[in-house]
Structure formats: structure tokens, C-alpha cells
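Here the structure comes first, spelled out in C-alpha cells, and everything after it is commentary.
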Amino acid sequence: MTGIVSSIIRQDARKVPFSRLDWERMYRIADYHKVANIVHLCILGNRDSVPDKWRERFFERYQEALQYGENYNESVRELLTWLDTRKMSCTILMSETVRDYYPIPETADNSPLQLLLNTENFTLVKGYLIDLGYETVQTYEGVGERLERSGGIAVVLYYRLPFRTARYESEMRRLLETAILRESYQYIRTFSVEGELIYRLASAAYRYVADELTMREVLDLQLCHRVWREHIRPDAVERRLKDLQVDELAEKLLRISYMWFGDRKDTFYEHLPDDMPAYDRLEERLLTRGIVNQETDEQALKLCREIKKEQDKEKRAEERRQFFRKMGEHWEKTKRGIRWAFPDYHYMSSIYPKVERFPVLLPVFWIIRGVRLLRRVFMG
């Protein structure tokens with residue numbers, strides 16, 4: 001799969017044994033990793049080797065990407081202008097500029113515009129998008145939602161950064177403080193290229209450990225780094241990633257992105273790493289979505305433990321919420337039973353006028369009412 005994708009990105013003539021491939025499996029892997037539109041271009045010259053059913057599936061993804069690209073820039077401008085005119089502050093977490101780095105425009109992904117807003121603006125913007133015909137297609141529990149519209153762009157709205165651990169939450173908040181106003185806007189903020197590269201590397205490390213990182217994200221990372229690397233301070237990037245304790249893991253992911261998709265003439269990584277088995281294990285885990293997991297990277301293992309700890313904490317908190325909710329429901333049911341067995345003074349006085357004249361007799365008439373109800377039950 002990586003060979004097929006890289007041959008299109010590099011625009012070289014790599015030979016692929018099409019006739020021996022399991023195309024159903026290839027399509028499912030390519031679709032999960034969001035590179036099916038790229039694979040379509042590779043099979044154009046080998047149409048006879050690909051079953052019609054799967055050739056059509058790849059073509060559908062290619063068409064979607066083509067249409068998406070035609071609408072993307074205008075839709076982004078429309079949304080950002082609407083936000084800015086209504087003075088709704090937000091931060092763009094990953095810019096759309098990566099689309100411009102693809103040598104063939106239609107090989108870019110249907111990547112969503114990712115916005116971080118406060119809770120109030122999140123609700124308002126979501127309502128606005130729904131009015132425009134967008135629908136929620138995915139909910140990220142506790143952090144946000146992904147909305148899409150037919151013929152439009154995908155938008156991911158976050159009201160909280162999509163990272164569980166306290167370290168990530170804290171360091172990413174610090175990174176957000178460096179965001180600058182986007183040109184021609186007063187309320188829309190975006191990262192500098194250095195800030196966005198840090199965010200992409202940190203996010204890639206986190207998603208790798210969560211077994212959510214896709215080949216497309218690795219490709220985007222390589223394209224961004226290739227264009228931006230002359231405009232960043234490597235020591236500043238490394239320092240931020242060290243604070244997150246993922247600097248070595250992020251470096252491995254960046255290096256493997258160059259192994260997969262980098263130009264052979266690019267000398268950024270001149271020599272192969274000494275510990276190649278570690279990269280083989282990383283590649284295996286990434287491509288199998290964690291099904292094959294022989295992780296040995298210390299930073300990955302530590303981050304995995306931190307995420308698991310937070311997940312366990314959230315699970316315990318949810319269990320407590322469920323317990324107190326059930327206790328509340330039980331108490332409400334008990335109170336209803338008590339109110340039924342011992343009605344209030346006004347109700348009793350409407351049935352037994354003596355209660356109104358002699359309120360002190362209320363308990364007596366509770367007993368009288370109870371006896372009468374029991375008699376009806378047992379005597380019909």
C-alpha cells in the first residue's frame with residue numbers, strides 16, 4: 001500500500017504486482033487510511049488487473065476527492081468570514097494549506113477544517129452549520145463533533161482539545177497561546193508553521209499510541225515538514241516535544257514518513273537509523289491499527305499508560321455518575337410512594353372535610369384511607 005501511494009506522490013514508475021493483490025482487502029485498508037483516491041490513479045494503467053467492483057469503489061473515492069477540492073477553499077472562506085463578522089473567536093488547529101503541497105491536487109484528502117471554540121460558540125456554530133444543511137456524522141465524546149454536508153466541506157468543531165492526558169492538555173494549552181491572528185481576520189487565530197508542525201507531530205504521536213493514526217496523516221506530516229523545515233527552529237520544536245515527552249517517538253514517525261513518501265534525492269535523512277527493527281515494529285502497528293502490537297518505544301509505552309490511566313479515571317467517574325443517577329431515580333420513586341401513602345393536607349381535606357376542621361386528625365385519616373385501600377385490594 002505504501003509503495004502504491006508513494007509512487008503517485010513521488011510520480012515515479014514503481015512496479016506493483018497488481019494481479020496478485022487481494023483487492024477487497026486493499027480497498028478496505030486504503031479507505032481506512034484515507035488514500036483510496038490516490039490508489040485509483042495508480043490502477044488507471046492496470047484496469048484489467050482490478051475487478052470491476054473494486055475499481056468502481058476506488059473511482060468513487062477519487063470523484064469525491066475531486067469534488068471536495070473544488071468546493072473546499074470557498075467553503076472555508078465562507079465559514080471563517082461568518083465567524084469573524086460575528087466576533088466568534090476560534091483557533092484553526094490544522095490549516096488547509098497542506099492541500100497545496102500535493103503535486104496532484106486531487107490526491108489530497110477530504111480533510112476537515114478543525115476549529116477549537118469555547119463552549120458557547122461551539123453551540124452557536126454547530127447550529128449555524130445545521131441550518132446550512134450540515135449533519136453530525138461523528139461525535140468525539142467529551143471534546144466535539146464532526147459535521148458534513150453533501151457537496152460541502154467537513155468541519156470538526158472542538159470545545160476541548162482532543163487529548164486525554166493532563167500533560168498533553170497543559171502543554172497544548174501553552175502552544176495555543178502562541179497562535180496568531182490569521183491575515184484579514186480579527187477573531188480567527190492560527191498557528192505559525194512552527195506551531196502547527198509541533199501540533200501535527202504531537203498529535204501524530206498521540207494518535208499512534210491510541211492506534212488511530214492513518215497513513216494519510218503520516219503523508220500530510222511529511223509534506224508539511226518538507227515545505228516548512230527551512231522556516232522553523234528545530235531546537236524550539238524539539239523542546240516543545242520534550243516537554244510532552246514524545247520527542248523521540250515523534251522523530252521516529254517523521255523519519256518513517258520520509259521512508260514512505262520522501263523523494264529519493266532528498267538528503268534530509270541521509271542514513272538509515274541504527275535500530276531498524278524498532279521502525280519495523282512501528283510500521284507494523286501503524287498499518288494494522290494496533291492489531292499487531294509489539295511496542296518497545298519507551299515514550300509510546302509511557303504515553304499509553306497515561307492514556308489508560310485517564311480512561312480508567314473517566315470510567316470510574318462515569319460509574320459514579322450512573323450510581324448516583326440510579327440512586328436519584330430510586331429516591332424519586334420512594335418519594336412518590338411516600339406521597340401516595342401519605343397525601344398532603346389539601347388533598348386529604350378535599351376527601352375528608354373533618355381534616356380541614358381538625359388538622360390534627362390528618363394522621364388518623366391517613367390510617368383510615370390506608371385501611372380502605374387495603375380492603376379494596378383484598379376484598380375486590
Side-chain angles (χ1 to χ4, degrees), residues 72-102 108-109 111-126 128-129 140 143-144 146-147 153-163 167-207 217 220-244 246-247 250 253-254 257:
Y72 191 84
N73 290 334
E74 183 57 38
S75 297
V76 168
R77 279 194 296 270
E78 178 185 341
L79 176 57
L80 295 183
T81 300
W82 184 87
L83 288 169
D84 201 57
T85 55
R86 283 156 182 79
K87 301 181 180 181
M88 292 187 183
S89 296
C90 69
T91 303
I92 301 171
L93 297 179
M94 291 190 186
S95 69
E96 69 278 15
T97 54
V98 66
R99 299 184 61 84
D100 299 330
Y101 305 152
Y102 279 83
D109 183 32
S111 53
L113 177 67
Q114 298 187 29
L115 301 176
L116 178 67
L117 312 102
N118 62 30
T119 307
E120 181 182 354
N121 286 347
F122 171 87
T123 304
L124 293 172
V125 176
K126 178 184 172 182
Y128 167 71
L129 291 175
Y140 307 110
V143 295
R146 178 182 175 125
L147 297 97
I153 64 169
V155 182
V156 172
L157 301 178
Y158 290 119
Y159 53 86
R160 180 186 167 192
L161 286 166
F163 307 107
R167 189 190 312 279
Y168 255 77
E169 182 78 21
S170 172
E171 293 300 326
M172 286 303 200
R173 285 289 171 191
R174 285 179 55 207
L175 183 62
L176 283 171
E177 292 171 2
T178 68
I180 56 177
L181 286 173
R182 185 163 177 162
E183 188 178 353
S184 77
Y185 295 100
Q186 293 183 310
Y187 297 91
I188 311 299
R189 293 186 174 274
T190 189
F191 291 123
S192 64
V193 292
E194 185 174 282
E196 183 169 344
L197 182 61
I198 293 168
Y199 185 87
R200 284 181 179 271
L201 284 165
S203 181
Y206 186 96
R207 288 174 59 77
E217 291 170 89
D220 283 352
L221 181 61
Q222 192 275 330
L223 292 172
C224 287
H225 184 266
R226 179 177 57 79
V227 175
W228 296 342
R229 68 194 189 197
E230 301 300 328
H231 309 286
I232 63 172
R233 297 166 298 161
D235 58 326
V237 174
E238 185 179 0
R239 187 167 58 251
R240 288 277 190 177
L241 294 173
K242 272 187 176 178
D243 289 340
L244 285 161
V246 294
D247 53 310
L253 291 169
L254 183 59
S257 76

Exercise for review: Output, in order, the C-alpha distance, side-chain angles, deciding distance and verdict of side chain to side chain contact (heavy atoms under 4.5 Å, CB included) for Tyr102 and Asp220.
Suggested key: CA-CA 9 Å; Tyr102 279 83; Asp220 283 352; 2.4 Å; yes

Practice item. Starting from the C-alpha separation in whole Å, work towards a yes-or-no answer on side chain to side chain contact (heavy atoms under 4.5 Å, CB included) for Thr97 and Val227. Key: CA-CA 11 Å; Thr97 54; Val227 175; over 6 Å; no

Check your understanding: Considering only heavy atoms from C-beta outward, does the side chain of Thr81 approach that of Tyr185 to under 4.5 Å?
Key -> yes

Point to revise | Within-4.5 Å side-chain heavy-atom neighbours: Leu181 and Thr190 | key: no

Practice item. Start with the C-alpha gap between Leu223 and Arg226, add the side-chain angles, then the distance that decides, and say whether side chain to side chain contact (heavy atoms under 4.5 Å, CB included) holds. Key: CA-CA 5 Å; Leu223 292 172; Arg226 179 177 57 79; 3.6 Å; yes

Check your understanding: Is there side-chain contact between Leu83 and Leu80, with heavy atoms separated by less than 4.5 Å?
Key -> yes

Practice item. Could you tell me whether the side chain of Ile153 reaches within less than 4.5 Å of the side chain of Pro112, counting heavy atoms only? Key: no

Exercise for review: Please report the closest heavy-atom contact between Val246 and Ala205, naming both atoms and the distance.
Suggested key: CB-CB, 4.0 Å

Check your understanding: Is the backbone of Ser95 close enough, under 3.5 Å, to the side chain of Glu196 for a donor and an acceptor to pair up by distance?
Key -> yes

Practice item. Using a strict cut-off of less than 4.0 Å between a Lys/Arg side-chain nitrogen and an Asp/Glu carboxylate oxygen, indicate whether Arg173 and Glu169 qualify as a salt bridge. Key: yes

Check your understanding: If you round to the nearest 0.5 Å, how far is CE of Met88 from OH of Tyr128?
Key -> 10.0 Å

Check your understanding: Salt bridge or not for Arg99 and Glu96, using N-O below 4.0 Å?
Key -> no

Exercise for review: Kindly compute the distance separating CG (Leu117) from NZ (Lys126), expressed to the nearest 0.5 Å.
Suggested key: 13.0 Å

Review point. With a 4.5 Å heavy-atom cut-off, do Ser203 and Met94 have their side chains touching?
Key: yes

Check your understanding: Can Glu171 and Leu175 be said to form a side chain to side chain contact (heavy atoms under 4.5 Å, CB included), step by step?
Key -> CA-CA 6 Å; Glu171 293 300 326; Leu175 183 62; over 6 Å; no

Point to revise | Nearest heavy-atom neighbours spanning Cys224 and Val98 | key: SG-CG2, 3.6 Å

Point to revise | Non-hydrogen atoms of Asp243 and Arg167 that approach each other most closely | key: O-CD, 3.6 Å

Point to revise | Salt-bridge present (Arg174, Glu177; N to O < 4.0 Å) | key: no

Check your understanding: Parallel, tilted or perpendicular: which fits the ring planes of Tyr168 and Phe163, with parallel below 30° and perpendicular above 60°?
Key -> tilted

Point to revise | Side-chain donor or acceptor of Arg146 paired with backbone N/O of Val156 under 3.5 Å | key: no

Check your understanding: Of all heavy-atom pairs between Leu241 and Ala250, which one has the smallest distance, and what is that distance?
Key -> CD1-CB, 3.9 Å

Review point. If you measure only the distance, is there a donor-acceptor pair under 3.5 Å linking the side chains of Tyr187 and Asn121?
Key: no

Check your understanding: Any Lys/Arg nitrogen of Asp84 or Arg182 sitting under 4.0 Å from an Asp/Glu carboxylate oxygen of the other?
Key -> no

Review point. Can you check whether Leu79 reaches Leu113 side chain to side chain, under 4.5 Å on heavy atoms?
Key: yes

Point to revise | For the student: nearest non-hydrogen atoms of Pro162 and Val143, plus distance | key: CA-CG1, 4.1 Å

Exercise for review: Indicate the atoms forming the closest heavy-atom contact of Leu124 with Trp82, along with that distance.
Suggested key: O-CH2, 4.3 Å

Check your understanding: With no hydrogens and no angle check, is any side-chain donor or acceptor of Ser257 less than 3.5 Å from a backbone partner on Leu254?
Key -> yes

Point to revise | Side-chain touch Thr91/Leu115, heavy atoms, less than 4.5 angstrom | key: no

**Study point:** Main-chain N/O of Lys87 paired with Gln186 side-chain donor or acceptor, under 3.5 Å
**Key:** no

Review point. Should Tyr158 and Phe122 count as side-chain neighbours, where that means a heavy-atom distance under 4.5 Å?
Key: no

